[in-house]
Amino acid sequence: MDEQRVRGGPPQWWRHGPPWWDRWEEGERAPRWPWRSTAVVTAFVLAGSHFAAHGQQGERADLDPFARVLLLVAGVLLLWRKRYPVAVVFGTAGAVLVYLGAGYPYGPVLFTVALACFSAIVAGHRWAAWGAMAVLWAGHVLVGHWLYAWLPPSGDSAAPWGEEIVVATWVVAVAAVSELFRVRREQWARERAERAEAARRRADEERLRIARELHDVLAHSISVINVQAGVGLALLDTDPEQARTALTTIKDKSKEALGEVRQVLDTLRAPGAAPRAPAPGLDRLPELVEQAASAGLTVDVEGEPPRLAPGTDLAAFRIVQEALTNVVRHSGSRHARVHLAHDTGALRLRVDDDGPATGKDAGGSGNGLAGMRERAAALGGTIEAGPRPDGGFRVLAVLPLTPSADA
């Protein structure tokens, strides 16, 4: 539906700005001197007025040096139209009004006022532009209907009112086009800012996602390594075989952690590329139970997980992993229970241990619960974590089976 509206609507450049707009905006932030455009316009005004004088010979005064100076002034003033738009629009209007009041031929000199007006309105000085053009039109009416008898050329008659209507229409048309461009320019600026904000938000979300992944992978593996290192040191002299088993576990867990960290970092090197290995999910729960057992924690699993979307499956696995890691690090209990339940709309994960809390830290960062809440919130779910009334600690996660559109 959106694609159809885009195809049937205005062109892409009208909705988001022409391709050169960013470069134009950069030039506006650090205003440059528009030498080339000013030179072209000035040459056009001088040449066009020369030809217009031949077409109006006998009706208007001939071009003399003073007329050419006025044409040159009206054109050269445009060089400052980006830096001083208000002064330029009044300056060109004044030069053109003197030019017309002196009886010189009509011609492209009016284009200088149109360009100055356009620059002033686009720069946000709309009332200055409207005021300058109103002054020009009012001066033209005054010269054409009351002062013509005292101004050159001699024998001139009053201008027809139809001509004034044409001039007023020209003024309104120039202002309307300028206003339309100003509105589109502001819309382009807003859309550009929104796109930049969306890109920053996506980058922040991706950074948080990678931080959560690294935290969950490293916290779990390092907790197991920490426990096994303590076992190995305690049994190194009295039970070398058990110490060897602890060292083997440390080797396996460190290798696994390096592999998962490498997988996360690969997504940074090649954003958008398909992962080389599938993301973990609740189908790896037995493996997680074995890893917990190697750290001295017995885990009972109740219930079967439903079929989940990949993002929900990964979040559920990481939440269980972090909850069990916290039991290993902070609980005196060596027994934990994982309960899985679901209905038509939500998956409920509950991880319990019998406590008590040891108050010890195994090198964690303290961001485990925050990371679990962020994972659940990203899917439109919730996390409840805290002590149980009968002792121990409970983590309860409720995740929707169908993530929300925002998620």
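Since the model is a prediction, treat every value here as computed from it, not as a measurement.
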Considering residues at least two apart in sequence or located in another chain, which fulfil the ring pair (Phe, Tyr, Trp, His ring centres under 6.0 Å) criterion with [X]?
| X | answer |
| --- | --- |
| H50 | H54 |
| Y99 | Y104 |
| F118 | F181 |

Tightest non-hydrogen contact, residues T312 and L379, listed as CA-CD1, 3.8 Å

Closest approach of S333 to V327 (non-hydrogen atoms, all atoms of both residues) |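 That closest heavy-atom pairing would be O-CG1, 4.2 Å.
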
Salt-bridge test for [X] and [Y]: reply yes if a basic N is under 4.0 Å from a carboxylate O, no otherwise.
| X | Y | value |
| --- | --- | --- |
| R307 | D313 | no |
| R394 | D353 | no |
| D204 | R202 | no |

Counting N and O atoms only, with roles assigned by atom type, does the side chain of T92 sit under 3.5 Å from a partner on the main chain of V89, one being a donor and the other an acceptor?
-> yes

Side chains of S119 and V88: closer than 4.5 Å at any heavy-atom pair?
-> no

May I ask you to establish whether R60 and Y106 are in a cation-pi arrangement, using a distance under 6.0 Å from NZ or CZ to the six-membered ring centre and at most 45° from the ring axis?
->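 Checked: cation-pi criterion met.
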
Any chance CD of E287 has more than 12 other-residue heavy atoms, nucleotides or ligands included, within less than 6.0 Å?
-> yes

So how far is it from L308 CG to L282 CG, rounded to the nearest 0.5 Å?
->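 Reported to 0.5 Å precision, the distance equals 6.0 Å.
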
Do D300 and H335 have side-chain atoms, one donor and one acceptor, less than 3.5 Å apart?
->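 Side-chain D/A pair, D300 to H335: present.
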
